[in-house]
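Inspection log for the structure reproduced underneath, given as structure tokens.
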Amino acid sequence: MKRTHHCNELRAPHIVQTVSLAGWVHVRRDHGGIIFIDLRDREGLTQVVFDPEHNPKAAELSHGLRSEFVIAVEGTVRARPAGTENPKLPTGAIEVLAHNLTVLNPSETPPFQIEDSGGTLAGEDLRLQYRYLDLRRPSMAKNLILRHKVAKTTRDYFDQHGFLEVETPILFKSTPEGAREYLVPSRVNPGKFYALPQSPQQFKQMLMVAGVERYFQLAKCFRDEDLRADRQPEFTQIDVEMSFIDREDMYALIEGLLAQVWQVARGEKIPTPFPRMPYIEAMERFGSDKPDTRFGMELVDVSDDFKQSKFKVFRGAVDAGGVVKALNAKGLACVTQGQIDNLTETAKSFGAKGLAFIKVEGGQWKSPIVKFFNDAEKAAMTAKLKIEEGDLILFGADKREVVWEVLGRIRLIVAEMLNVKREGWNFLWVVDFPLMTFDHETNRYLSTHHPFTAAVAEDVPLLDTDPHKVRGQHYDIVLNGVELGGGSIRIHQPDVQKKVFEDVLKIPKEIAETRFGYMLTAFRYGAPPHGGIALGFDRLCAILCGSANIRDVIAFPKTAKAMDLMTNSPAEVEPKQLRDLHVKLDVET
RNA sequence: GGGGGCGUAGCUCAACUGGUUCAGAGCGCUGCCCUGUCACGGCAGAGGUUGCGGGUUCGAGCCCCGUCGCUCCCGCCA
């Protein structure tokens, strides 16, 4: 009795057909005589009716059905009696009158209900322990299906554009400058280790030297860093690299991909090309290099208005070469002192010395600092910040990087407090990042992204004189305040790459040689100009599903402590395994 | 490494300031009844070491210390 249809397939035109369905008992409604079963499979629900007057044997057997029993049913599709159709189900116009019932496998009572609606969702730890049950929930099945569709669309898109999907090694070599890596001891090479790749970066560049020209891969990547709602220790990237291109080619390519993905996954047209914003502008206006541009509340620079101010905090910041910036939280004058204190704590945790504010209530400016302001300063602020009754103005005064960070965070928190409408899909290219940032701890320059990023051509002469002024040919794709991905045009000249390693980043010559020597060698054999990008595939799928959490789009994710609760991994291993690997443990027990 | 939240029945949660509604509700589960339900309905019932270990107290689900687990954030994620 093989099934003829799935559970979201039968409609009015199938009426009178004899069909077979198989699936799980979703719910049972036993009226004593007639019995209704909602039969569930991956695709949906179909109501099956057992009628003792029609088939006493099947009806009798159906009394014993319980949640999650696996059954097969043979029956006739028929219209539901007038008035009993269920408009909530796609299959709600019909039902299957069962002739035969086979219990393929009974089920114990599940530890939680396999149900999306009903209001109670079991705790995530329990759902992770019984992930195979959690994945039966229609919303999770939907997520898996959507993820598949996005993957398929991606592969089709790149195939149509002449790309080859090439697999790169999972057993790679340690490259300690980036994220912490997972290490794999080598049995046949005692004392030596592989590392799992944080990304296929170096391999994809080698593929360009190899003449592949257009490469992509749905690549598994691994980072042994602490987890977040949008970070798992293993995750998937849409990894791309192309030869003979410039930044414009990459923007167009990715815009086309995302337009196609949105079309397939959500049936929505997204406008292209996407707007672009230089890094400096993003920081000045939004205090973030991944600005959420769905709402305003932008940072406004008022430094000039306080150059002569009597308020020492503001004037001092300007005198020291810093800035004074403010944002207007429209309508938040009702904020409580406790909430102000919380905001201040937040500001301090990001490096601010405090958080000055003005409440505009009852036609007055209420603030501990308002007494320091003269009329000109007040007028300037009123105009620049469009201050009105009911507003709350929040200030940052410090080095500009600190003010960016602090007000950027405050802006997001305040938007949350105000429940500001954030709708639509605001794609944005953030461009012109600084190639290098100075690290005060180690007293040297570090690559903002990675050391393979090429400089903007006109800035190259500054590499020797003003490294911090050099812009990289790097681009981030941002959607609604989430960094979806990033990439760059790469350095392809061996002398330039060597110079970046040794002269600019001050990586000792021997270390540069052991870690990247093969790249420099490769570049000497006719490396084409090339560039690439990588998009966070899990984040992309989560956004498309409307979830803030990438665990919802990963079949078997790990907890915040990087545990797999279903298999209890990681776990201890046998002493013999360790001996084979030449590994001795040093752990407290 | 640091900070916040949570942990009470199989599940989701309640239990005011530590004390006579102090172990409760809804769902699920079990039994009986029920022939058009789809959150089916009715009657009855079972089910608890309040995560674990200490402590304070006449008295602890509630307070304190430790510990374990889940979660969010900071650091970290070239």
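It should be emphasised that the depicted structure is a prediction, and the values quoted were computed from it without experimental measurement. To find a chain, count down the sequence lines: A is the first, B the second, and so on, and within it residues start at 1.
- Side-chain contact between A:Leu21 and A:His5: present, with at least one pair of heavy atoms (C-beta onward) separated by less than 4.5 Å.
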Return the polar atom pairs (N/O with N/O) between nucleotides 6-10 of chain B and the protein under 3.5 Å, or none.
unit_1	atom_1	unit_2	atom_2	d
B:G10	O2'	A:Pro111	O	2.7

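- Note on A:Thr448: only backbone sugar-phosphate atoms sit closer than 4.0 angstrom, heavy atoms only; bases stay farther off.
- In summary, A:Asp41 and A:Arg136 do not engage in a salt bridge, as defined by a charged side-chain N under 4.0 Å from a carboxylate O.
- Atom C1' of B:C52 sits at a distance of 7 Å from the matching atom of B:C68, rounded to the whole Å.
- Spacing of P atoms, B:G55 relative to B:G45, comes out at 40 Å, to the nearest Å.
- Between A:Asp459 and A:Lys469, no side-chain nitrogen of the basic residue sits less than 4.0 Å from a carboxylate oxygen of the acidic one, so the salt-bridge criterion is not met.
- Counting non-hydrogen atoms under 4.0 angstrom, A:Glu95 reaches a base of the nucleic acid.
- With sequence neighbours left out, A:His530 forms a ring pair (Phe, Tyr, Trp, His ring centres under 6.0 Å) with no residue at all.
- Between A:Glu115 and A:Arg40, no side-chain nitrogen of the basic residue sits less than 4.0 Å from a carboxylate oxygen of the acidic one, so the salt-bridge criterion is not met.
- Among residues two or more places apart in sequence or in another chain, the ring pair (Phe, Tyr, Trp, His ring centres under 6.0 Å) test is passed with A:Phe433 by A:Tyr279, A:His449, A:His474.
- As judged by a 4.0 angstrom heavy-atom cut-off over every strand, A:Arg444 is placed among residues making no nucleic acid contact.
- When the C1' atom is used for both B:A60 and B:A23, the distance is 13 Å, rounded to whole Å.
- Between A:Tyr132 and A:Tyr130, the angle of the ring planes goes over 60°, which puts this pair in the perpendicular group of the 30/60° scheme.
- Residues from residues 131-143 of chain A placing a heavy atom under 4.0 Å of any atom in RNA chain B do not occur.
- When rounded to the nearest whole Å, the span between CD of A:Gln339 and C1' of B:G4 equals 17 Å.
- Between the P atom of B:C76 and the CD atom of A:Gln198 lies a distance of 16 Å, rounded to the nearest Å.
- Look at the C1' atom in both B:U12 and B:U17: the space between them is 27 Å, to the nearest Å.
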Under 4.0 Å protein heavy-atom contact, by nucleotide of nucleotides 66-75 of chain B - B base, S sugar-phosphate only: ---SSSSSBB
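- Atom C1' of B:U35 sits at a distance of 13 Å from the matching atom of B:G41, rounded to the whole Å.
- Here B:C11 presents its C1' atom at 12 Å from CZ of A:Arg127, a figure rounded to the nearest Å.
- Counting heavy atoms from C-beta outward, A:Ile543 and A:Val482 have side chains that approach closer than 4.5 Å.
- Distances from the side chain of A:Arg80 to the nucleotides B:A39, B:C29, B:G36 place B:G36 closest.
- Partners of A:Phe112 under the ring pair (Phe, Tyr, Trp, His ring centres under 6.0 Å) rule, at least two apart in sequence or in another chain, do not exist in this structure.
- Salt bridge status for A:Lys204 with A:Glu241: present, with a side-chain N to carboxylate O gap under 4.0 Å.
- A side-chain N or O of A:Glu181 and one of A:Ser174 form a donor-acceptor pair less than 3.5 Å apart.
- With rounding to whole Å, A:Ile94 atom CD1 is found 15 Å from B:G36 atom C1'.
- Of the P atoms belonging to B:A15 and B:C74, the separation is 31 Å, rounded to the nearest Å.
- The separation of B:G7 from B:G51, taken at their C1' atoms, amounts to 6 Å, rounded to a whole angstrom.
- Rounded to an integer number of Å, the gap from A:Phe36 CZ to B:U35 C1' is 8 Å.
- A:Gln47 and A:Arg29 share a side-chain donor-acceptor pair at under 3.5 Å.
- Atoms CG and CZ, from A:Asp38 and A:Arg28 in turn, are 12.5 Å apart once rounded to the nearest 0.5 Å.
- Side chains of A:Gln205 and A:Phe203 form no contact here, defined as non-hydrogen atoms less than 4.5 Å apart.
- Only at 4.0 angstrom or more do the heavy atoms of residues 480-497 of chain A sit from any atom of RNA chain B, so none qualifies.
- Residues A:Gln217 and A:Gln237 form no side-chain contact, since every pair of their non-hydrogen atoms from C-beta on lies 4.5 Å or further apart.
- Annotation: side chain of A:Glu502 is not in contact with side chain of A:Ile507 (no heavy-atom distance under 4.5 Å).
- The partner of B:U20, taking Watson-Crick or G-U wobble pairs whose two distances both stay under 3.5 Å, does not exist in any strand shown.
- Under the 4.5 Å side-chain criterion, counting only non-hydrogen atoms from C-beta, A:Ile35 is not in contact with A:Val49.
- A donor N or O paired with an acceptor N or O is not found under 3.5 Å between the base of B:G1 and the side-chain atoms of A:Arg180.
- In this entry B:C6 has B:G69 as its Watson-Crick or G-U wobble partner, both defining distances falling under 3.5 Å.
- By the 4.0 Å N-to-carboxylate-O rule, A:Arg131 lies close enough to A:Asp134 to be salt-bridged with it.
- Between A:Arg66 and the phosphate of B:U30, there is a side-chain N or O to OP1/OP2 separation shorter than 4.0 Å.
- Shown here, B:A60 forms no base pair; nothing in the strands shown gives a Watson-Crick or G-U wobble contact with both key distances under 3.5 Å.
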Between the protein and nucleotides 40-44 of chain B, list every N/O to N/O distance that falls short of 3.5 Å.
unit_1	atom_1	unit_2	atom_2	d
B:C40	N4	A:Asp30	O	2.4

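- One can place NZ of A:Lys348 at 18 Å from C1' of B:G2, the figure rounded to the nearest angstrom.
- Contacts with RNA chain B (heavy atom under 4.0 Å) in residues 50-60 of chain A: A:Asp51, A:Glu53, listed by number.
- Residue pairs meeting the salt bridge (charged side-chain N to carboxylate O under 4.0 Å, His left out) criterion with at least one member in residues 556-569 of chain A, sequence neighbours excluded: A:Glu234-A:Lys558.
- Nucleotides B:A25 and B:A44, compared at atom P, are 13 Å apart to the nearest Å.
- A:Glu85 comes within 4.0 angstrom of a base, heavy atoms only.
- At whole-Å resolution of the value, CG in A:Asn342 and C1' in B:G5 are 14 Å apart.
- In this structure A:Tyr194 satisfies the ring pair (Phe, Tyr, Trp, His ring centres under 6.0 Å) test with no other residue, sequence neighbours excluded.
- Sorted by first and then second residue, the side-chain hydrogen bond (donor to acceptor under 3.5 Å, both in side chains) pairs with a member in residues 74-89 of chain A read A:Glu74-A:Asn100, A:Thr76-A:His99, A:Arg78-A:Glu95; sequence neighbours excluded.
- Separating the CG atom of A:Asp341 from the P atom of B:G3 is a distance of 20 Å, rounded to the nearest angstrom.
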